[in-house]
There are 2 protein chains.
Amino acid sequence: MTAHPRLSLNQATIRRASLAEALDVTAGAGLGAIGLWREPVAEAGLGRSAALLAASGLRMSSYCRGGFFTAVDGAERRRSLDDNLRAIDETAELAATGAAGSRAVLVLVVGGLPDGSRDLPGARDRVLGALETLAGPAAAAGVTLAVEALHPMYVSDRAVVSTLGQSLDLVSRLDPAVAGVVVDTFHVWWDPEVLTQIDRAGREGRIAAYQVSDWHTPLEADVLLSRHQPGDGVIDFGRLTRRVEAAGFTGDVEVEIFNDTIWGRAPRAVVRDTVTAFDDAVAPHLARRTEQP
Amino acid sequence: MTAHPRLSLNQATIRRASLAEALDVTAGAGLGAIGLWREPVAEAGLGRSAALLAASGLRMSSYCRGGFFTAVDGAERRRSLDDNLRAIDETAELAATGAAGSRAVLVLVVGGLPDGSRDLPGARDRVLGALETLAGPAAAAGVTLAVEALHPMYVSDRAVVSTLGQSLDLVSRLDPAVAGVVVDTFHVWWDPEVLTQIDRAGREGRIAAYQVSDWHTPLEADVLLSRHQPGDGVIDFGRLTRRVEAAGFTGDVEVEIFNDTIWGRAPRAVVRDTVTAFDDAVAPHLARRTEQP
């Protein structure tokens with residue numbers, strides 16, 4: 001089977017597969033890249049994960065995920081920062097092991113309101129503080145911290161950063177090599193400012209990752225699991241993808257889906273569907289056929 | 001029982017009550033105002049509804065709702081506009097019948113993407129076109145059209161207007177007496193721009209209604225029914241309410257809750273809870289105790 005050369009499978013799309021199986025089905029379907037997750041890497045062990053990635057011949061398009069920076073409590077905050085330091089090291093090691101064109105990009109989901117708190121501005125300030133703390137170690141490791149704006153329906157329990165513009169403001173004082181943003185269609189498609197903020201992200205050199213999945217209603221009972229294959233919902237992938245391309249993004253494009261029905265299917269079949277969905281809904285809008293490091 | 005003089009019960013909070021019962025329990029709990037809905041008014045008949053409202057001694061703080069302007073099809077679009085013209089007339093008649101301080105404010109939920117469409121900008125353009133069409137009749141009737149930005153999780157099926165800033169942009173070319181916006185805490189609390197957009201709404205004379213309800217997670221399986229009494233969630237009502245007051249809003253403040261558990265309770269008990277919740281979570285942040293027409 002032939003897959004578009006810039007398609008990357010984010011591992012979350014086949015969440016129940018082990019790392020070895022995920023690499024196997026992704027390479028087997030002809031993809032060139034994969035976005036890895038920390039949990040399956042931890043399960044396999046970092047050294048063995050790096051060896052498996054190298055053997056797969058795949059590029060790593062991003063590593064998911066660090067973040068969860070909003071704790072007020074000092075000890076909890078310290079644990080979060082320590083964990084992110086480990087994630088930075090893992091990102092560097094895996095990106096160095098993946099095929100040429102791998103990107104040392106650590107995706108950050110910044111965290112929601114701490115239990116009992118109603119202080120959104122305070123939580124946002126702590127995210128900024130954490131990024132400033134991590135910028136040095138990230139630079140030293142050659143890793144880009146990629147802040148992901150999540151859909152506003154996740155603001156209280158998952159991410160107090162809700163728009164692309166807000167994520168760009170957040171990283172604005174940091175070096176673009178060290179701090180960028182993720183553009184994820186599911187999270188930002190509704191935003192009346194999305195196109196101008198994509199332009200801005202390009203101008204400011206901040207687009208560290210482009211992730212695609214689709215939106216349709218009614219949402220699943222668990223709104224976290226409401227993502228769909230590109231084309232199965234109402235997002236105009238042409239409008240967004242052409243703009244991301246025009247903004248200068250040249251990397252792999254990840255399909256990242258959280259969906260219990262899709263997770264229940266055989267990983268190999270899911271990857272096959274992903275290749276087709278991407279070909280139909282996203283690929284026609286990509287200006288460049290090959291990934292350019 | 002004593003209720004804060006600026007508390008208004010939006011009728012949706014006791015959705016299963018008839019108009020007569022809603023007016024009865026609202027006035028009976030000592031409130032001065034109510035936000036009415038079209039469906040129970042239609043059920044009672046407009047003339048009888050006006051008589052009931054007059055007899056209740058209550059102000060009408062707003063009338064819900066018009067809108068749903070996004071149809072592409074000509075006939076469907078015409079039906080929508082005709083229906084909104086009727087809603088404008090109803091708003092004027094009921095506001096004239098309610099106690100002094102009643103406001104002829106028609107709340108508009110603008111509509112989502114038409115079936116099969118992925119064209120968000122097109123849908124937004126049609127909303128603007130509809131507002132321009134309705135502005136003349138609204139002005140003639142002395143009615144303010146109040147565009148409500150809904151939470152972005154409703155963008156595809158309910159409202160392609162998702163932020164306060166966007167709603168202000170939308171009405172910017174129309175006379176503020178004819179076109180304003182609704183500030184609803186549930187819909188806008190997450191927005192990093194919310195405070196500056198509240199300031200702007202005040203400066204531009206656009207705050208036609210202020211509605212409060214709370215957010216907490218996990219969301220209900222039907223995300224439409226995920227609203228809670230002020231204080232039962234994570235919204236900082238002080239931060240938002242003080243800003244709305246500072247922006248010059250002097251009207252009644254509506255508690256509007258869609259929640260199946262609350263709908264299942266006795267309306268009288270719900271109103272009693274609303275009075276208490278409002279006293280605790282919202283009233284301390286109101287600068288003015290009495291509503292000023």
Side-chain angles (χ1 to χ4, degrees), chain A residues 112-124 127 149-170 185-195 214-224 226 230-231 233-240 281, chain B residues 112-124 127 149-170 185-195 214-224 226 230-231 233-240 281:
Chain A
L113 286 172
D115 277 353
S117 171
R118 295 188 171 102
D119 181 14
L120 264 184
R124 289 164 175 163
V127 172
L150 259 55
H151 192 283
M153 68 186 172
Y154 305 124
V155 65
S156 60
D157 57 2
R158 201 156 290 269
V160 295
V161 172
S162 306
T163 66
L164 191 50
Q166 188 188 7
S167 67
L168 289 167
D169 289 345
L170 194 62
T185 57
F186 181 86
H187 294 308
V188 303
W189 75 284
W190 60 271
D191 184 351
E193 304 294 329
V194 66
L195 296 186
D214 214 337
W215 172 282
H216 85 68
T217 53
L219 299 173
E220 301 295 315
D222 180 345
V223 293
L224 191 61
S226 287
V234 296
I235 294 178
D236 180 348
F237 287 96
R239 178 171 176 252
L240 298 173
Chain B
L113 287 172
D115 277 354
S117 170
R118 294 187 171 104
D119 181 13
L120 264 184
R124 289 165 175 161
V127 171
L150 259 55
H151 192 284
M153 69 186 170
Y154 305 124
V155 65
S156 59
D157 57 2
R158 203 156 288 270
V160 295
V161 172
S162 306
T163 67
L164 190 51
Q166 188 188 7
S167 66
L168 288 167
D169 289 346
L170 194 62
T185 58
F186 180 87
H187 294 307
V188 303
W189 76 283
W190 61 270
D191 184 351
E193 304 294 330
V194 65
L195 297 186
D214 214 338
W215 172 282
H216 86 66
T217 53
L219 300 173
E220 302 294 316
D222 180 346
V223 293
L224 191 61
S226 287
V234 297
I235 293 178
D236 181 347
F237 287 95
R239 179 172 176 253
L240 297 173

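So you know, we letter chains A, B, ... as the sequences are listed, proteins then strands, and number each from 1.
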What is the minimum heavy-atom distance between A:Trp215 and B:Met153, and which atoms define it?
CZ2-O, 3.4 Å
Taking every non-hydrogen pair under 4.5 Å, which of A:Gly233, A:Gly112, A:Ser226, A:Gly116 racks up the most with chain B?
A:Gly233
I need the minimum non-hydrogen distance between A:Arg239 and B:Pro121, along with the two atoms involved.
NE-CG, 3.5 Å
With distance as the sole test, does A:Arg118 use its side chain to make a donor-acceptor pair with the main-chain N or O of B:Gly231 at under 3.5 Å?
yes
Non-hydrogen atoms of chain A under 4.5 Å away: do they reach the side chain of B:Leu120, the backbone, both or neither?
side chain
Which bit of B:Val223 comes within less than 4.5 Å of chain A, counting heavy atoms only: side chain, backbone, both or neither?
side chain
Once rounded to the nearest 0.5 Å, what's the spacing between atom CG of B:Leu113 and atom OG1 of A:Thr217?
8.5 Å
B:Ser117, part contacting chain A, at a heavy-atom distance under 4.5 Å
backbone
Picking from B:Asp236, B:Val155, B:Val234, B:Ile235, which has the most non-hydrogen pairs under 4.5 angstrom with chain A?
B:Val234
Quick check on B:Pro192 against chain A: is it the side chain, the backbone, both or neither that has a heavy atom closer than 4.5 Å?
both
For A:Pro218, which atoms come within 4.5 Å of any heavy atom of chain B: side chain, backbone, both, or neither?
neither
